[in-house]
Amino acid sequence: MSMRLGPRVGEVIDRDEPLSFTWNGRTYPGYAGDTIASALAACGVRVFSRSFKYHRPRGLLTASHLDPGCMVQVDDEPNVRGAHRRVRPGMDVRSQDTWPTLSFDVKAANELARRMLPAGFYYKTFMSPGWLWPAYERVLERFAHGGVVGPGKVSALDGNERYDKRHAHPDVLVAGGGPAGMAAAVTAARSGCSVMLVEEELELGGHLRWGDDVDLTALSELRGRVAATPGIEVLTDAVVLGRYDGNEISVLQRGLPHVAERLVKARARTLVAAPGLIERPYVFAGNDVPGVMLSTAVRRLVNLHAVKPGDRAVVLTANADGDATALDLERAGVEVTRVDARRGGDVTRALGRGRVRAVELGDGRRVECDLLVTATGWTSAVSLLTMAGDQPRYDDTAARFRPDASRLPSDVMATGGVVGDGSCAQLVAHGEATGREAARRSAQSSVTASAAPPPLPVEPHPALFRGRTHGMVDFSEDVSSKDLFTAVEEGFRCPELAKRYTTATMGPAQGKLESVNVVAIIAEATGAAIAETGTTTWRPPYAPVSLGALAGRLREPTRLSPLASWHHSHGAAPLVAGAWIRPDHYGDPVAEAASVRDGVGIIDVTPIGKIDLRGPDVSRLLNLVYVNKWSKLEVGRVRYGVMCGEDGVVIDDGVTGRLAEDRYLMSTTSSGAVTVWEWLESWLQTERPQWRVHATPVTTSYASINVAGPRSRDLLARVVDDVDVAPEAFPYMHVRTGRLAGVPGCVVWRIGFTGELSFELHVPAGYGLHVWERLLEAGRDLGVRPFGVEAQRILRLEKGHLIVGQDTDATTKAYGAALDGLVKLDKDDFVGRPELSWGGQPGDGQRLVGLRMSPDSLVPAEGSQLLDHRGLICGRVTSSRLSPALGRAVCLAQVEAALAEPGRQVTVRLVDGGTARAAVTEQLAQVDPEGVRLRA
Amino acid sequence: MILLPCPWCGPRDADEFGYAGEIRPRPDPSTTTPAEWRGYLYLRRNTAGWTRERWFHRMGCRRYLVLERDTTNNDVRPSTDASSGSGS
Amino acid sequence: MAEAYSALALLRHGVTGRSWTPMWRERPLERGYPVVIIGGGVHGLATAYYLAANHGVTNVAVLDKGYLGGGGSGRNTAILRSNYLTVEGVRFYDRSLELYRGMASALNFNVMFSRRGHLTLAHSDTSLRTMRWRAEVNKASGVDSEVIGPDEVKRLVPEMDTSATARYPVLGALHHPPGGIVRHDAVVWGYARAADRLGVHLHQHTEVTGIEVSGGRVTGVRTNRGPIATPVVLNATAGWASTVSDMAGVPLPVQTFPLQAAVTEPVKPFLRTVVVSGTLHVYVSQTARGELVFGASVDPFASYSTRGSLEFTEGLAGHVLQLMPSLAKLRLLRQWAGLCDMTPDFAPVMGATDVAGFFLDVGWGTYGFKAGPVAGEAMAECIATGQTPEIISAFGLDRFAQGRLVGEKGAAAVGH
């Protein structure tokens with residue numbers, strides 16, 4: 001049955017562009033410019049969804065973005081606002097959470113038990129027997145309301161599935177494109193400001209769009225001024241989501257080519273909020289029956305979409321908009337019965353189920369109809385203002401909360417219907433004055449005097465919230481006024497508590513329609529005034545926003561060494577290590593380790609943190625941040641150092657070399673590269689600002705390559721140009737600078753994390769690949785091969801070298817890491833000294849030890865717990881591997897200090913629950929404890 | 001996001017900075033007692049209102065700065081460089 | 001005396017239309033109470049309830065400057081678990097979980113405890129090692145916890161991107177089957193109702209403005225509604241722990257940080273398990289209503305402002321989509337923030353202080369809600385007997401002066 005009317009003056013549909021789409025599998029016609037809801041309503045569809053709890057049929061209520069009765073699934077997108085979303089050819093639209101069909105929904109049986117299912121009923125039952133609760137829970141879950149997401153629903157991402165972001169810095173951002181907002185934008189722009197004008201609906205105009213001829217004339221004039229004014233950027237189908245600290249305004253923009261949605265992050269100098277008014281539903285029995293609509297819904301349907309919402313209407317009106325709606329209906333050929341609330345008229349009940357059949361009036365009359373229109377009042381759309389600190393106050397005259405502009409920060413202003421009433425001309429004048437003042441504030445000049453806009457009038461309006469019967473308050477949540485009364489009776493007298501208990505305002509509309517009714521009804525139930533009952537805290541976002549839009553294009557940068565592409569093309573298995581992707585191995589870590597023990601291997605250690613330190617006071621800095629001594633480090637030497645926090649806990653380790661009198665190169669752990677640098681800066685800039693030290697992080701300025709193994713000197717000798725690598729010329733723990741493979745400015749230090757003779761090369765990053773390939777080429781006959789992180793871990797564990805953060809944790813002090821010999825308490829001061837001088841006596845807490853397993857080839861998982869003779873936890877395995885060199889397990893462990901003596905036996909609790917024995921070893925090092933190999 | 005006034009770079013998004021927390025004078029390590037030192041390590045005034053604190057302009061001038069901020073609403077006042085002497 | 005709840009009672013009320021008695025009563029503020037508890041959240045209410053139920057101390061006042069459960073109790077993401085890193089932590093939270101499991105019948109109030117299983121994802125070998133460490137401590141303490149591989153993760157959460165090429169590949173997870181979620185408000189109301197029935201006085205909108213200390217002993221509190229004489233005050237606040245303790249002259253090792261959370265529109269249930277990723281700073285669960293509830297780590301700087309930030313939602317959405325790319329069209333409905341009192345060792349501060357009669361149950365960081373029942377049980381015992389129960393002996397304020405911090409910090413940064 002077509003309900004489409006003949007052409008209307010202000011209609012937004014394009015009758016020259018018909019289209020078709022499907023609704024629950026059936027094909028329907030529509031026009032370009034139709035919303036999903038208007039196209040269906042034009043075809044006589046009146047039920048769009050079922051309610052959350054009782055699965056009552058629901059139709060259109062507001063015919064806007066806020067409509068709680070028109071949430072639909074569109075293709076793979078759940079919870080689409082069908083009264084806002086424009087229909088597109090071929091769209092697959094379905095009703096949500098209905099089974100088997102929208103018209104016959106099994107769960108509607110809930111309605112029969114409605115009296116037994118008051119708000120919060122679930123808190124009062126299913127307590128026993130407890131074992132049945134999981135079954136009840138599964139049943140309750142079936143009532144979760146909404147559409148469907150998940151892998152089964154997602155099509156491959158096409159061009160329209162991208163999301164992006166934009167940063168904007170308008171002088172003035174106007175939220176709301178009604179008459180006041182348009183006027184404010186024009187005036188601000190004419191004052192020289194850059195203006196962003198944001199409108200949630202698909203075109204500018206606000207309520208003028210569905211108004212009479214006078215309104216339409218004003219609309220076209222205002223739109224003309226906006227179009228003709230340079231400096232205004234208009235965003236339609238875009239909604240201001242929130243106002244955050246620093247006047248950061250988030251805007252979600254829809255309907256763009258090439259992207260699904262865009263998040264605009266605008267730093268506005270001044271925000272002008274012109275969100276207007278939201279029409280408030282009236283609470284009475286049957287107020288959610290399809291065919292009960294707000295006056296604005298009717299005017300939208302008739303005047304924008306040329307849809308006749310019914311044939312016989314009752315219009316309950318308390319204001320001019322209601323009166324105008326009655327006229328609109330009559331012009332559309334609808335038979336209208338007016339009930340004037342200003343003269344005591346009232347509606348007590350709407351009858352019908354799938355559609356309104358009749359209405360009972362306050363005077364006892366019963367009127368047959370298929371449409372009941374209510375125009376009973378307005379809610380100021382204050383949420384954006386409350387996000388900026390406003391606390392709206394209830395105005396008895398206007399029967400609505402109004403903003404208290406005195407609490408707004410100077411960079412937020414309000415205009416239009418949210419502030420007060422008035423004719424279109426008055427609203428425009430207020431908008432203009434606000435735009436002028438916003439421009440003045442944005443110019444940040446205190447020269448021109450402030451010209452606060454003159455106040456808008458406030459027109460008296462009857463206070464209509466709930467009538468004489470109980471009805472639905474929160475349509476999305478199926479919460480009735482009876483539920484709120486019950487909640488108050490049960491002690492939930494504070495609105496925040498009553499809302500939590502009944503779930504009123506918790507649904508997809510987030511209270512924008514129903515919040516004031518909730519407050520008014522709680523006030524009624526408690527016998528308090530609305531003003532003292534209070535209002536709600538509005539939280540962002542103003543409108544629900546997709547995770548895709550918030551995320552934008554996923555940006556998770558990784559750090560790669562200059563050798564990354566070589567690793568990739570040579571079969572390296574990637575290892576995620578913080579921000580870095582490193583080669584774990586190239587296929588056979590055990591063979592890689594063996595080649596280092598027997599010949600020579602090279603590893604990319606670029607992620608090792610590197611800090612260039614220059615100045616006369618570097619050695620004082622090193623003495624302060626390391627627990628050991630640095631004043632006597634000669635030029636050409638490197639030394640291992642450990643850093644602790646002020647609480648004595650080990651935070652980092654590494655070697656630092658003295659390259660010249662006033663120049664040092666510090667290395668840190670990979671994960672500590674940034675934190676250690678900031679740590680140094682913190683000491684230099686706050687506690688020791690008089691020291692002359694310049695610290696520069698140079699981690700990625702160098703490609704770092706460790707050449708390790710008994711043949712590493714032979715290999716290095718083939719690529720150095722001007723560094724003497726002979727043992728006597730370049731001893732262990734020394735550093736040299738020079739030219740490698742033709743590359744000047746390289747730093748080479750002779751150290752031995754792997755326990756083998758080895759040289760660490762720091763090569764200017766751009767030449768890293770060149771040197772790497774040169775090493776492989778030059779060492780071919782030596783059997784050189786690249787090795788990865790796993791082989792390095794095996795080697796260092798055989799040698800008993802600890803890894804900070806693995807063999808230590810956030811409570812391990814220097815002694816616990818078996819670093820007693822390093823801590824020099826005879827220094828005047830170093831970071832953590834007081835704590836180490838008192839607390840960390842050998843014997844306290846846990847201590848790092850080596851473990852020998854029995855049976856000795858058993859490799860306990862890292863993290864396995866150690867048990868003492870009483871079976872209590874006394875430590876854990878921190879590192880474990882099968883040693884290729886020894887053919888048995890090698891382990892490091894943290895164990896209670898009292899047990900940390902060579903030969904002590906502990907029990908290892910294995911992952912499968914079994915146990916094994918282990919003995920504390922003499923040293924941490926299991927291979928070459930004397931250090932002969934790395935001194936070769 | 002709040003804007004912090006860097007004395008070198010001007011107002012910048014707070015996420016360019018590292019938060020180093022309220023300013024606590026470091027006791028003289030050669031004379032301190034365990035009670036005093038652990039007070040320095042662990043106790044915090046944690047003021048609800050205006051506090052003096054350090055921030056590090058990590059993605060800018062790489063300077064530590066001293067800033068007054070109202071912790072109840074994140075309002076800030078002009079800042080100074082931490083090395084200028086007012087920091088401790 | 002309030003009536004008992006049951007399916008039969010619902011039926012009876014439905015048929016007769018008779019109204020329910022209030023869950024708790026508004027009572028006059030008396031001039032003195034043997035025990036005053038500051039903070040009407042889960043901790044304060046649970047302490048009051050256990051004082052009355054376990055120790056017969058019923059003449060207790062619970063004061064809250066707002067409404068019951070309006071602070072952290074009503075703002076957390078209601079995740080329960082006991083898979084902590086330290087033996088002390090595991091034992092403590094496992095007792096809490098046990099109390100949560102039996103709460104509906106103990107309080108005659110359905111708190112909707114939902115055993116979901118709890119997954120903490122490991123995206124690197126480092127975090128996999130920490131998960132193994134936690135699992136082994138848990139198992140040794142008798143708590144069900146195990147490290148599982150990516151295939152098993154995929155089986156539990158089909159929406160999860162477990163491909164090896166993900167930026168943060170799922171290498172495995174710590175699976176803790178007893179973990180789950182609960183209806184946080186119901187826990188508050190259940191304790192409030194049960195405490196009220198035992199005679200505890202609940203005073204909402206009653207703000208403490210000062211604590212009277214004389215000769216090293218607590219003698220009373222001042223409130224916006226007048227003074228109250230009392231020898232015992234428990235600070236059971238979150239977000240205001242320092243402010244309240246300062247009134248008694250007890251400085252705390254606490255810094256207050258906002259913790260933000262958000263919820264989506266409801267969709268049909270697809271996520272049974274609680275999912276946590278420490279690397280991505282996100283945790284997510286789906287409520288029985290179909291909403292996804294998200295949380296993150298605390299904000300990057302200390303503050304008492306709960307306004308929340310846009311950047312939080314942006315980062316959150318990005319991280320959620322890294323894990324479950326098919327959720328791009330799901331909409332975020334609401335964001336909010338609560339206040340967390342962080343301690344240096346991620347463990348609470350509980351027990352007596354140097355001011356006689358002034359007790360602490362503060363410093364709960366991001367773990368407060370999980371601990372509510374056991375904290376209440378232990379603090380009730382502590383107040384009633386004057387002895388510190390063994391289960392909270394590691395959490396005393398004096399541990400900081402003694403340098404004996406709890407080792408919970410070794411766990412991942414986000415521990416929900």
Does the side chain of C/Arg183 come under 3.5 Å of the side chain of A/Tyr123 through a donor N or O and an acceptor N or O?
yes
Options [options], ranked by heavy-atom pairs under 4.5 Å with chain C, top entry:
options                                : result
A/Tyr136, A/Phe492, A/Phe485           : A/Phe492
A/Pro541, A/Pro134, A/Cys494, A/Gly389 : A/Pro541
A/Phe121, A/Phe143, A/Tyr122, A/Tyr542 : A/Tyr122

One should read off an interatomic distance between C/Glu314 CD and A/Lys265 NZ, to the nearest 0.5 angstrom, of 3.5 Å
Rounded to the nearest 0.5 Å, what separation is found between the CG atom of C/Leu11 and the CE atom of A/Met116?
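So the gap between those two atoms works out to 4.5 Å.
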Quick check: does any side chain N or O of A/Arg115 sit under 3.5 Å from a backbone N or O of C/Gly14, one acting as donor and the other as acceptor?
yes
Donor-acceptor contact present, side-chain C/Lys268 to main-chain A/Arg142, <3.5 Å:
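Confirmed, C/Lys268 side chain pairs with A/Arg142 backbone.
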Structural part of C/Thr165 lying under 4.5 Å from a heavy atom of chain A:
neither
Salt bridge or not between C/Arg18 and A/Glu489? Use side-chain N to carboxylate O under 4.0 Å.
no
Which answer fits A/Arg493, side chain, backbone, both or neither, if we ask what part of it has an atom under 4.5 Å from a heavy atom of chain C?
side chain
Is the distance between the ring centroids of C/Trp189 and A/Tyr501 under 6.0 Å?
yes
